[in-house]
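The next block holds one structure in the form of C-alpha cells; read it before the comments.
We count ligands from 1, going down the list as the structure has it; atoms in each ligand are counted the same way. Just so it is clear, the values below take in all heavy atoms, side chains as well, and ignore hydrogens, waters and symmetry mates.
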Amino acid sequence: MNLIIKNASNIITCTDSISDGVIENGYIIIKDGLIKSIGIGTIPSCLCDGNTNIIDAKGQTVIPGLIDSHTHLIHGGSRENELNMKLTGVPYIDILESGGGILSTVRATRELSKEQLKDKSLKSLNRMLIHGTTTVEAKSGYGLDFDTEIKCLEAAKELKLEHPIDIVSTYMGAHAIPPEYKDNSKGYIDFMCEDVMPYVIENGLGEFLDIFCEKGVFSVDESEYIMQKAKDMGFKLKIHADEIIPLKGAELAAKMGAISAEHLLAVSDEGIKDMAKSGVTAILLPGTSFYLMTGKFAPARKMIENGVRVALATDYNPGTCPTENLQSIMTFACFGMKMTPLEIIKGMTINAAYGIGREKEIGSIEIGKKADLVIFDCPNLNYIVYHFGINHVDKVIKNGEVVVDKGNLIRK
Ligand code: NIG
Ligand code: FE
C-alpha cells in the first residue's frame, strides 16, 4: 500500500542546510516505506496509482519522525521518593553518594526479569510513539553487573523487533560504581573492559558506549581509558560530559572522536570550540536542567553561534527526567535555552540523527529517506512550541505505515 499526504499547511523538511526548508501547501508521496516525492500544490496524476491511502493534512504541519537521541529506557522502579529531598535542596550527587539515586534504580532493575523489564519499557515506548518519537537511543547502566546489563541490552534488542520504534543501543556500564566495587573503581573498569564490553560487541547488543564523566563518578582520565578500550573494540563513543562540574568532558569527546557529548551545562568555551572543530554533536537535555532545580541550562545559543550541531533529547530516566514526551522538551529548549522553533525541531530530527549516526536514513523529509513522519494538528511550526503542555500529534507514520491516528495507537 502506498501513502500520500496532501494539502499539508506546512511541511518542515529539516534538510541539512541553512535554508529553513518549509513547504507550504505541500504533499509527500510514500512508496515501499520510503519517501518517493515531495512537492507543492496539486499532485501530478502520474504519481498516483490505485492502491493508495490518502491523508488530507489541511491545517496541519508535517515534520520528520522525532528522534530521541538520549534515553535510559530500560530500568526498574521509580524515584518519586527523592522529590522531597530535592525540594529541601539535597544535591543530586549527594543522593547518589548516600546509596540512593542511580544506585536505588540499580537495585530495582536487578530485581526484575527480562520480561518484566520489557513490559515496563513497552509502556514507555508506546508513550513515546503517541507523542511523535519514531527512533530512540537506549542506554543500559542500571544493572552494572554482567547479568543485569546483558539482560537490559537483550530486552532492548527484542523490543526493537516487537515495536514500531527503532531502538539504537548503548552500553553504559560506566554510569556509576556498583556497591560490589565500592572504593575500587579500577577493579570495576577492568571488569567492564575485560568481561562485559567484548560480550556486548560480539553479540550485537550495543553500538555505542557511554560514560558518566563527573566528579565523584568517572574521572576524565578514567573516561579516556575506557573510551580508548571501547574504540579499539569497535564501539562508537558518547559521553555524559560537563553536566554538573566543568571537568573538560567536551574537550575529551573531541579528542577521542566521540559522535556526541551530552548534557554540557558546565561546558567551557574551549570545549565548545573543540566540539565545533571535531564535529561532535551536542545533545542537550533541558528537561533534566529543569528537573535538577538548579536554574542552570546548557549554553545552547553560544554553541549554535560557534557552529556546534545541537540536538535535543529527553534523557528519559527515573531520576533526573522522568518523561517520554519530546514535546515537553520543546518547551524547555525554547523557554530555558532560547532556541527557536526551527532549531528545536531540527534538534529532534536531523541533528539528533547525526547524534546517533543515522543521518543518511532518517531525520529529514527527503527523497529516498525512510517515511518516518509526524503530522501535528498545528497550522504552523511556531504553533507547535507556543501551545505547550498538550499532545499535538494527530498521526505518526513509521516506515510508511500509519501507527498513530487521532493521537491513538493503532493496535494490530
Ligand atoms: O543522564 N547523569 C547521569 N545519568 C542520568 C541520570 C540517572 C539517574 O539519576 O538515574 C542522566 O541524567
Ligand atoms: Fe543521561
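- In H240, the N, O or S atom that comes nearest to the Fe ion (ligand 2) is NE2.
- For atom 4 (N) of ligand 1, the closest non-hydrogen atom on the protein side is H175 NE2, 2.8 Å.
- For H70, the closest heavy-atom approach to ligand 1 falls below 4.0 Å.
- Side chains of E251 and S268: a donor on one and an acceptor on the other come within 3.5 Å.
- Here the heavy atom of the protein found nearest to atom 2 (N) of ligand 1 is E243 OE1, 2.8 Å.
- The pair E262-K139 meets the salt-bridge criterion, since a charged nitrogen lies less than 4.0 angstrom from a carboxylate oxygen.
- Centred on the Fe ion (ligand 2), the angle running from D315 (OD1) to H70 (NE2) is recorded as 80°, rounding to 10°.
- With rounding to the nearest 0.5 angstrom, the OG1 atom of T133 is 12.0 Å from the CG atom of N126.
- Contact annotation for H263 and ligand 1: only side-chain heavy atoms (C-beta onward) come within less than 4.0 Å of the ligand.
- Every N/O-N/O distance between T288 and ligand 1 stays at or above 3.5 Å.
- The closest side-chain donor-acceptor pair between N380 and N10, if any, does not fall under 3.5 angstrom.
- D166 meets the salt bridge (charged side-chain N to carboxylate O under 4.0 Å, His left out) test with K370, K398; sequence neighbours excluded.
- Set against the non-hydrogen atoms of R79, the atoms of ligand 1 under 4.0 Å away are 8 (C), 9 (O), 10 (O).
- By the 3.5 Å distance cut-off applied to N or O atoms, T105 is not counted among the residues near ligand 1.
- Residues K160 and E207 are not paired through a salt bridge, judged by the lack of any N-O separation under 4.0 Å between the basic side chain and the carboxylate.
- Aromatic pair H72/H240: ring centres closer than 6.0 Å.
- A ring-centre distance under 6.0 Å is not found for H392 and Y386.
- Near I102, with a cut-off below 4.0 Å to any heavy atom, the atoms of ligand 1 are 7 (C), 8 (C), 9 (O), 10 (O).
- Protein heavy atom in closest approach to atom 9 (O) of ligand 1: Y92 OH, 2.6 Å.
- Ligand 1 is never approached by E214 to a heavy-atom distance shorter than 4.0 Å.
- Heavy-atom distances between N317 and ligand 1 reach below 4.0 Å in at least one pair.
- In this structure, atom 11 (C) of ligand 1 lies nearest to the protein heavy atom D315 OD2, 3.1 Å.
- Distance from atom 7 (C) of ligand 1 to its nearest protein heavy atom, with residue and atom name: Y142 OH, 3.1 Å.
- Within the coordination shell of the Fe ion (ligand 2), defined by N, O or S atoms under 2.8 Å, C321 is absent.
- Relative ring orientation between Y142 and H175 is described as perpendicular, the plane-to-plane angle rising above 60° on a 0-90° scale split at 30° and 60°.
- Salt bridge annotation for E137-R358: absent, with no cationic side-chain nitrogen under 4.0 angstrom from a carboxylate oxygen.
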